[in-house]
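Here's the structure we're looking at; comments come further down.
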Amino acid sequence: MENNNWYNNNSNNYSYSSEGGYDNGKKKKGVTIGQLIACLLIVALVSGGLGVYFSDSIVNRSQAAPESDSIIVEEPGGPNNESDETVPEETDAAKPQQGSVSDKLTISGSDDEADSTTNIVQNCMASVVGIYVSEQTISMSGEATEQDTGSGSGVIITEDGYIVTNNHVVAGGGNLNVYLQDGTKYHATLIGTDSFSDLAVIKIDEKNLPAATLGNSANAMVGNTVYAIGNPLGVFTSSVSRGIISGLDRTINIDGVNMTLMQTDAAVNPGNSGGGLFNTEGELIGIVNAKTASVEVEGLGFAIPIDSARPVIVDIIDLGYVTGRPYIGISMQDVSLRYGNNSHGYGFFDPFSFYSSYITRVQVMAVEEGSAAEAGGMLVNDIITAVDGKEISGSSQFAALLYEYNVGDTVTITVLRGNETKDLTIVLGERS
C-alpha cells in the first residue's frame with residue numbers, strides 16, 4: 001500500500017494535460033530549429049529531475065536511510081510549494097503505517113513474574129547438595145584409592161552446615177562427601193539416622209551457607225506448582241524439574257515400612273533421594289525419597305512432608321537420635337544366605353546343591369553393653385530371621401517391624417546361631 005500511495009501522489013503532481021490541437025481553425029504555425037532545440041532541452045531537464053527523485057525515493061525506502069538524509073530543506077516562501085507536501089511523506093515512509101497487518105502482533109515486555117520465579121529457583125538450588133558415599137579400596141600394588149559406592153542429594157537446613165537427607169542414602173557406612181552447587185567439596189560427618197522415617201542428618205564444617213527455609217506442608221494443595229531439585233544419577237548436580245502436587249497423604253510401602261508421603265509428577269530419578277521439594281515461595285515442603293520405577297509408569301514421585309520430617313530432624317540435631325523409637329541396641333548388616341535341597345546332609349547351608357537359592361537376613365555385628373539386646377541374650381554373629389513369627393528379609397524391614405511396637409513392649413526375636421535356631425525374649429528399650 002505504501003508504494004501505491006506513493007505512486008498516486010506523484011501521478012497527481014505530474015498528470016497529463018488534454019489541452020492542445022488546432023486553435024479555432026487558425027493555421028498551425030511551424031516550429032523553428034531554435035524552438036525545437038529549446039523544447040528538447042526542457043524535456044531532458046524535466047525527465048532527468050524525475051529520474052533522480054524516483055530513484056532517490058526508492059533508496060530511502062528500501063535502505064531506511066537516516067532521517068537527516070531524507071529531510072528536504074527549503075527556504076521559506078520558496079518557488080516550489082509542492083515540495084513542502086513531499087517532506088512528511090518522505091520521513092514517514094520508513095515507519096509502519098497504521099492499520100497494517102503487523103499492527104496485530106502481540107509483543108511482550110519485561111516478564112517480572114518469570115524473573116521472580118527464576119530468582120526463587122536459583123536460591124533453592126543453592127541450598128541443595130550432592131552427596132557421595134565412598135569406600136577406600138587397596139589395589140594389588142598396595143595403593144589406596146577412594147571409590148564412590150552410591151550417591152544422593154541433601155538440603156542445607158542451617159547456615160553452619162547441617163544437611164538433611166534420606167537414611168537410605170547414607171545407610172551402610174562409608175565416607176560421606178558433599179558437593180555444593182559451586183562444586184566445592186566437603187567431608188561430612190553423620191549426625192544421626194532414622195530408618196522408620198527414612199531421614200538422616202549429616203554435617204559439614206562451614207559457615208554462612210545458603211540454608212533452605214522450611215515451609216508448611218499442611219498448606220500444600222493438590223495442583224500447587226512445586227520444584228524438585230537434586231542430583232539425579234549422581235551426575236547432574238542442581239537439576240530442577242517442575243511439576244505439581246498430584247496427591248496428599250499417600251500410603252506407600254517401602255522396604256516393609258508404610259510411609260505417608262506427598263505425590264508429585266515432577267521428574268524424580270535415582271540420585272534425587274534426599275533432595276528438596278520446594279513450593280513457589282521457595283520454601284522446603286518435602287524431602288524427595290521415592291519414585292515408582294517401571295517402564296509402564298511415569299510421573300509418580302514421592303516426598304516426605306516437611307511437617308512430619310521436622311520433629312525427626314530436630315531430634316537428630318539436638319540428640320543424635322529420635323525420641324520414642326523402640327531400640328534394642330545392636331549394629332547390623334544385611335547378609336545373603338544360600339540354601340538348597342539338603343541332599344548332601346549339610347543342612348541349611350548346602351554349598352554343593354545345584355538347586356540352591358539365596359535369601360537375605362540380618363546379621364548382628366555388635367551388641368551395646370547394657371542394651372535390651374544384651375539383656376535378652378543376643379550375641380554377635382547371630383542371624384535374625386523373624387520377629388514374633390514374621391519373617392525378616394533385611395535390616396530396613398527389621399527396623400520397621402520394631403517401630404510398630406512401643407518402648408517397653410516384649411517381643412520374640414528368632415535368631416540362627418550356627419545351625420541352631422533360638423527364640424530370644426527381648427523387652428524393647430529406648431535410645432538414651
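In this text, all values refer to a predicted model and were calculated from it rather than measured experimentally. All heavy atoms count here, side chains included; hydrogens, waters and symmetry mates do not.
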**OP:** For residues R325 and V312, determine if any side-chain heavy atom of one lies less than 4.5 Å from a side-chain heavy atom of the other.
**Re:** yes
Original post:
Counting distance only, does the side-chain N/O of N167 pair as donor-acceptor with the main-chain N or O of T193 below 3.5 Å?
Top reply: no
Subject >> Verdict with supporting geometry, N279 and Y227, side chain to side chain donor-acceptor pair (under 3.5 Å) >> reply: CA-CA 6 Å; N279 62 18; Y227 303 95; over 6 Å; no
Original post:
Near R310 CZ, under 6.0 Å, is it more than 12 heavy atoms from other residues, nucleotides or ligands?
Top reply: yes
Subject >> T264 side chain vs S246 backbone, donor-acceptor pair below 3.5 Å >> reply: no
Original post:
Hey, is the main chain of S331 close enough, under 3.5 Å, to the side chain of E368 for a donor-acceptor pair?
Top reply: no
Subject >> Least distance between heavy atoms, A126 atom then P210 atom >> reply: O-CG, 3.3 Å
**OP:** Could you please spell out the steps behind the side-chain contact (heavy atoms from CB on, under 4.5 Å) verdict for V226 and I285?
**Re:** CA-CA 9 Å; V226 289; I285 61 170; 3.9 Å; yes
**OP:** Kindly say whether T280 contributes a backbone atom to a donor-acceptor pair with the side chain of T225 at under 3.5 angstrom?
**Re:** no
Original post:
Is the side chain of N175 donor-acceptor paired with the backbone N or O of E135 at a distance under 3.5 Å, no angle test?
Top reply: no
Original post:
So do L180 and I156 actually touch side chain to side chain, heavy atoms under 4.5 Å?
Top reply: yes
**OP:** Test side-chain contact (heavy atoms from CB on, under 4.5 Å) on T414 and I384 and set out the steps.
**Re:** CA-CA 6 Å; T414 303; I384 300 174; over 6 Å; no
**OP:** Check whether any side-chain heavy atom of I131 sits under 4.5 Å from a side-chain heavy atom of N177, and report yes or no.
**Re:** no
Original post:
Given the rule in the side-chain contact (heavy atoms from CB on, under 4.5 Å) test, do D194 and Y403 qualify, once you have shown the distances and angles that lead to the verdict?
Top reply: CA-CA 10 Å; D194 183 52; Y403 288 146; 3.5 Å; yes
Subject >> Nearest heavy atoms of M221 and L248, plus distance in Å >> reply: CA-CD1, 4.3 Å
**OP:** Using a 4.5 Å cut-off on heavy atoms from C-beta on, say whether the side chain of M262 contacts that of I245.
**Re:** yes
**OP:** Could you check if a side-chain atom of V170 sits within less than 4.5 angstrom of a side-chain atom of L190, using non-hydrogen atoms only?
**Re:** yes
Original post:
Any idea which heavy atoms bring R250 and Q263 closest together, and the distance?
Top reply: NE-OE1, 2.7 Å
**OP:** Considering non-hydrogen atoms only, spot the tightest contact between T158 and L209 and give its length.
**Re:** O-CB, 4.4 Å
Would you be so kind as to tabulate the donor-acceptor pairs closer than 3.5 Å made by side chains of residues 268-275, with sequence neighbours excluded?
residue : atom : partner : partner atom : Å
N272    : OD1  : N269    : N            : 2.9
S273    : OG   : H168    : NE2          : 3.0

Subject >> Distance (rounded to the nearest 0.5 Å) between K422 NZ and L379 CG >> reply: 9.0 Å
**OP:** Indicate yes or no for a side-chain donor-acceptor contact from N216 to the backbone of N219 under 3.5 Å, with no hydrogens or angles considered.
**Re:** no
Original post:
How many angstroms lie between CD1 in I426 and CD in E374, if you round to the nearest 0.5 Å?
Top reply: 11.0 Å
Original post:
Side chain of H187, backbone of L176: donor and acceptor closer than 3.5 Å?
Top reply: yes
Original post:
Between the side chains of D249 and T260, is a donor N or O closer than 3.5 angstrom to an acceptor N or O?
Top reply: no
**OP:** For the pair D388 (side chain) and T412 (backbone), establish whether a donor and an acceptor sit closer than 3.5 Å, ignoring hydrogens and angles.
**Re:** yes
**OP:** Scan side-chain atoms only and decide if N258 and T251 contain a donor-acceptor pair under the 3.5 Å cut-off.
**Re:** no
Subject >> Heavy-atom pair of closest approach, residues A228 and A267 >> reply: CB-O, 4.3 Å
Subject >> Distance in Å, R361 CZ paired with Q333 CD, rounded so as to fall on 0.5 Å steps >> reply: 15.0 Å
Original post:
Got a donor-acceptor contact below 3.5 angstrom from the E430 side chain to the G324 backbone?
Top reply: yes
**OP:** Report yes if some heavy atom in the side chain of I304 is under 4.5 Å from a heavy atom in the side chain of N166; otherwise report no.
**Re:** yes
Original post:
How long is the span from the OG atom in S371 to the CD1 atom in I330, to the nearest 0.5 Å?
Top reply: 8.5 Å
Original post:
With a 4.5 Å heavy-atom cut-off, do I316 and V322 have their side chains touching?
Top reply: yes
**OP:** Starting at CD1 of I413, measure out to OG1 of T385 and round the result to the nearest 0.5 Å.
**Re:** 10.0 Å
**OP:** Output yes when a side-chain donor or acceptor of D182 lies under 3.5 Å from a complementary backbone atom of T184, and no otherwise.
**Re:** yes
**OP:** Check step by step if side-chain contact (heavy atoms from CB on, under 4.5 Å) holds for V201 and I163.
**Re:** CA-CA 6 Å; V201 175; I163 298 170; over 6 Å; no
Subject >> Side-chain touch V364/N381, heavy atoms, less than 4.5 angstrom >> reply: no
Original post:
With sequence neighbours left out, what residues match Y186 under ring pair (Phe, Tyr, Trp, His ring centres under 6.0 Å)?
Top reply: none
Subject >> Nearest heavy-atom neighbours spanning A211 and I157 >> reply: CB-C, 3.8 Å
Subject >> Distance (rounded to the nearest 0.5 Å) between I392 CD1 and M332 CE >> reply: 9.5 Å
**OP:** Taking the six-membered ring of Y162 (Phe, Tyr or Trp), confirm whether the NZ or CZ of K203 is under 6.0 Å from its centre and within 45° of its axis.
**Re:** yes
